[in-house]
**Student:** 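Quick one: structure below, then a few questions.
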Amino acid sequence: MDRIYLDHNATTPVRPEVRDRMLPFLGELFGNPSSAHSFGQEVKVQFEEARQRIADQLGASPAQIVFTSGGTESDNYAIKGTAFAAGKGHIITAMVEHPAVLQTVSWLAKKGFDASYVQVDSSGVVDPDEVKKALRPDTILVSIMHMNNEVGTIQPVEEIAAITKEAGVYFHTDAVQSFGKLPTKVDDLGVDLLSMAAHKIYGPKGVGALYIRKGTRIDPLIIGGAQEKRRRSGTENVAGIVAFGEAIVQAEAEREQLYSRLTGLRETLVKGLTERIPEVIINGDPSKTFPSTVSASVSHVEGESLLLSLDMEGIAVSTGSACSSGSLEPSHVLVSMGIETVLAQGTLRFSMGRGTTKAQIDHLLEVFPPIVERLRRMSPLSASKAC
Amino acid sequence: MDRIYLDHNATTPVRPEVRDRMLPFLGELFGNPSSAHSFGQEVKVQFEEARQRIADQLGASPAQIVFTSGGTESDNYAIKGTAFAAGKGHIITAMVEHPAVLQTVSWLAKKGFDASYVQVDSSGVVDPDEVKKALRPDTILVSIMHMNNEVGTIQPVEEIAAITKEAGVYFHTDAVQSFGKLPTKVDDLGVDLLSMAAHKIYGPKGVGALYIRKGTRIDPLIIGGAQEKRRRSGTENVAGIVAFGEAIVQAEAEREQLYSRLTGLRETLVKGLTERIPEVIINGDPSKTFPSTVSASVSHVEGESLLLSLDMEGIAVSTGSACSSGSLEPSHVLVSMGIETVLAQGTLRFSMGRGTTKAQIDHLLEVFPPIVERLRRMSPLSASKAC
Amino acid sequence: MSMYSEKVMDHFKNPRNVGEIEDADGVGEVGNASCGDIMKIYLKVKDDVIEDVKFQTFGCGSAIATSSMVTEMVMGKTLEEAEAVTNKAVAEALDGLPPTKMHCSNLAADALHDAIKNYREKHNK
Amino acid sequence: MSMYSEKVMDHFKNPRNVGEIEDADGVGEVGNASCGDIMKIYLKVKDDVIEDVKFQTFGCGSAIATSSMVTEMVMGKTLEEAEAVTNKAVAEALDGLPPTKMHCSNLAADALHDAIKNYREKHNK
Ligand SMILES: Cc1ncc(COP(=O)(O)O)c(C=O)c1O
Ligand SMILES: Cc1ncc(COP(=O)(O)O)c(C=O)c1O
């Protein structure tokens with residue numbers, strides 16, 4: 001069997017149609033879109049078409065889309081940009097956010113801003129009332145993600161938006177995991193700022209965008225030659241941006257069909273795991289979780305050793321924490337959901353995508369139980385038990 | 001004749017060998033280099049090889065190279081990063097810098113930092129003594145570019161470094177235009193921070209790097225998942241980074257040969273322009289200017305109308321200001337060199353590269369004089385004269 | 001492929017009514033070199049009708065095109081009709097201008113109005 | 001392609017001396033679950049020589065590999081020789097570990113030393 005990729009929340013392969021759209025821009029369409037001559041202008045046209053496509057997906061105007069180098073930059077731009085424009089103030093976020101949000105907020109906290117972190121319930125969902133309670137007169141921004149990357153939890157963004165709107169506070173959502181997978185019309189969601197990335201939806205790495213509602217007071221993060229209407233300077237990653245435009249159109253076209261296919265695959269996976277492996281816990285509430293992601297905590301064994309063992313069988317998954325730090329701390333997301341430390345350490349994330357098949361899941365379900373058994377036999381935690 | 005591209009300082013075509021190196025990363029090598037499984041690790045190896053190549057070019061260790069989304073981000077990171085790590089203080093830069101430096105410094109000035117701008121002489125060169133005079137006890141950073149993008153002037157970076165070193169002040173140089181064109185060994189230059197971009201040396205747009213000398217106190221600009229040893233978070237633009245590594249090796253291999261070829265082409269171009277067009281001024285001192293760039297001020301006519309007229313003949317050049325703002329202000333670089341406003345408005349930048357041939361320059365020299373004549377005949381400024 | 005419409009490029013390539021009128025009845029001028037555009041309009045007027053109009057322009061593509069367009073729009077028109085021509089109308093006649101050029105290089109109607117004013121002052125009308 | 005050396009992967013795939021010694025002369029343990037690694041080492045000692053050694057480990061790839069490696073390194077050695085084995089020596093014997101793993105998951109020698117200490121305490125040596 002070919003290698004099996006079950007780490008689509010980390011990144012996805014570039015779709016062949018998307019790649020084909022990029023190639024001319026690595027060839028003769030090499031002009032700088034800021035250039036007034038024809039080499040520049042012929043590029044600019046296609047480049048602006050990509051902006052229109054992103055805007056359409058959001059139900060926004062192209063003038064409200066700023067291209068960036070990815071999801072992390074978009075998050076940094078949204079949060080630091082509104083913070084620096086305000087000068088000082090209080091920011092509300094949640095413990096389940098991606099480090100791109102959490103670490104940015106904690107950097108700002110070191111620079112004189114204030115931060116509050118709302119808790120989540122055991123399925124990882126933010127309670128809008130908690131956001132309301134955390135509001136202060138000097139609150140400038142609420143940042144709550146749309147879809148969580150580790151567990152797949154979908155947050156009640158619309159309800160939170162109603163609260164921020166009433167309070168007159170900006171609302172940013174990190175939609176890096178949801179853009180192209182769930183509807184993300186900005187007026188339905190009610191958000192002022194929304195982060196996106198191409199590489200989660202079969203586009204290239206190193207390109208993303210930030211939606212900025214008209215009138216939002218925001219400082220630029222990357223300053224210079226005044227590209228993107230002064231909001232994001234630097235020669236644009238034209239090939240990447242055009243590819244992003246293509247990726248979203250393709251993703252939207254198959255979105256609903258993929259959703260139902262993933263729902264079926266999730267059922268097979270969850271059923272197989274719980275039936276075949278003793279003491280495995282599936283994290284999150286499936287009714288509030290996007291079906292591509294299954295987070296499973298396996299008692300008595302550690303996640304990386306599970307990951308490596310699966311990798312030896314040609315199956316790619318991720319541990320609970322998507323973080324590259326090599327830190328051995330258990331996932332902040334799982335811990336904030338109240339999962340025991342040692343279980344959090346033994347968590348794997350299976351994230352499926354458009355290339356995932358039933359045969360792949362079946363194969364995983366063959367291979368995985370003996371791996372767990374072998375590692376449990378090695379573990380001092382399970383030694384006393386007959387597992 | 002094919003279209004002629006004389007705007008290499010704005011951007012360059014991707015070299016075919018570089019493009020070929022990228023393609024696998026838009027195909028099956030799609031893993032996230034932070035992933036522990038084989039999809040990630042197979043990518044990481046090649047990705048780190050690119051870092052080694054950039055480091056070799058600088059005579060630095062790979063641990064001192066941080067990949068970014070381009071020259072502008074590198075400049076922002078270097079300047080804001082050292083400023084925020086210091087918390088407060090004074091920054092010295094020059095009026096001839098790229099907007100990525102100038103606008104970043106002026107943003108910091110609005111946020112409570114201090115800034116001084118050193119003047120340049122009529123050929124655009126910074127006097128190191130002026131830097132010395134501008135130093136204050138609270139100076140935290142000096143940022144002076146290596147090679148200017150509008151005129152091609154090479155700054156006395158080594159001499160300035162001697163001054164900053166004695167004063168114990170960090171020294172950043174924007175080497176976006178010089179990296180791969182001039183020697184840039186960081187220990188020879190004596191700099192603490194050095195900005196680079198791939199797309200100026202036949203690599204893709206949207207990727208760059210910052211050299212950070214070991215021990216430099218610098219805050220990250222883009223914060224999150226702890227990639228690049230926590231110095232620059234966000235999923236890496238792997239294809240772009242690998243391409244950057246290839247681009248620098250290729251650029252270095254032909255660097256000296258290209259330099260002498262460009263020197264010959266410049267001679268032809270300058271001689272042709274001054275002989276065939278009355279009242280044209282070549283800006284900068286050729287002995288202190290990199291030979292790819294010729295900045296020519298044409299009296300009584302405006303730059304954009306020259307640019308458009310050349311574009312109609314299939315020749316791509318740029319006006320004095322490389323800025324995309326559409327601002328009608330004359331180039332800050334030319335003005336700071338003491339060039340009259342109206343002449344600055346009538347300035348074209350011809351920037352040559354590896355694809356430039358003698359035949360192209362000869363063709364330009366045929367086409368350009370009648371264009372100037374036609375526009376001068378239309379101009380109210382030259383109406384009184386018989387030009 | 002250009003940042004300008006085809007009409008702008010047409011007027012840029014083949015500007016109408018370029019030049020000076022030696023014995024003009026009215027001369028108008030707007031802009032200055034530091035802002036990048038200088039436009040000069042010359043008028044020949046008879047019985048309140050513009051019999052001839054010419055322009056000279058130092059400026060970018062849109063400055064030249066708007067100058068050319070405005071002369072075409074008012075040739076043979078009465079002064080009153082000419083006074084009703086706005087910068088916006090000139091831009092529209094050219095199928096629009098890029099946003100960054102709308103405010104800066106779109107001054108041809110102003111130059112025209114300045115020339116009419118100059119004519120009226122000289123001739124007490 | 002792996003983040004680990006071939007030797008680490010070999011010990012991870014085929015760990016030597018896994019398990020428990022029921023009547024161990026010394027038992028050592030380091031780590032705790034919240035830091036991600038727990039290692040337990042069991043010793044059988046005769047005449048100051050390690051006759052048998054086994055391990056149990058909860059932890060990542062390098063934790064399992066270092067545990068396995070340390071048992072191999074000290075099997076049949078005197079206690080004194082075993083005490084001279086450092087975490088660094090274990091990592092070197094595995095052709096190195098990734099930087100992020102050097103400090104966190106490289107504790108097998110500590111677990112061994114803890115087991116020897118336990119043996120000495122129990123047997124007054
Ligand atoms: C001197 C200089 N610095 C910085 C930059 C900005 O680089 P980039 O466009 O890759 O962000 C450029 C080019 O645009 C440049 O010429
Ligand atoms: C929810 C979420 N936010 C932000 C990011 C960061 O995006 P990028 O890696 O493109 O910078 C990711 C993915 O890594 C993510 O899953």
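Since we're looking at a predicted model, the values are computed, not measured.
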**Student:** Given a strict heavy-atom distance threshold of 4.5 Å, which part of C:Met39 is in contact with chain B: side chain, backbone, both, or neither?
**Tutor:**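 Contact with chain B: none, neither part.
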
**Student:** Which atoms of C:Phe12 come close to chain B, meaning under 4.5 Å heavy atom to heavy atom: side chain ones, backbone ones, both, or neither?
**Tutor:**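 For C:Phe12, backbone and side chain are both near chain B.
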
**Student:** What part of B:Met378 lies closer than 4.5 angstrom to a heavy atom of chain C: side chain, backbone, both or neither?
**Tutor:**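 For B:Met378, the contact with chain C is made by backbone and side chain together.
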
**Student:** Check each atom of C:Ser67 against the heavy atoms of chain B and say whether the ones under 4.5 Å are side chain, backbone, both or neither.
**Tutor:**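 Interface part for C:Ser67: neither.
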
**Student:** Does B:Thr12 reach the main-chain N or O of B:His8 with its side chain, forming a donor-acceptor pair under 3.5 Å?
**Tutor:**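 Side chain of B:Thr12 to backbone of B:His8: no pair is present.
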
**Student:** Walk me through whether C:Asp114 and C:Asn118 qualify under side-chain hydrogen bond (donor to acceptor under 3.5 Å, both in side chains).
**Tutor:** CA-CA 6 Å; C:Asp114 194 47; C:Asn118 176 256; over 6 Å; no

**Student:** B:Leu310 versus B:Leu364: any side-chain heavy-atom pair under 4.5 Å?
**Tutor:**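 Heavy-atom side-chain distance check passes, below 4.5 Å.
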
**Student:** Please examine the side chains of C:Asp25 and C:His123, heavy atoms only from C-beta on, and report whether any two atoms are closer than 4.5 Å.
**Tutor:**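 Yes; the side chains approach each other to less than 4.5 Å.
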
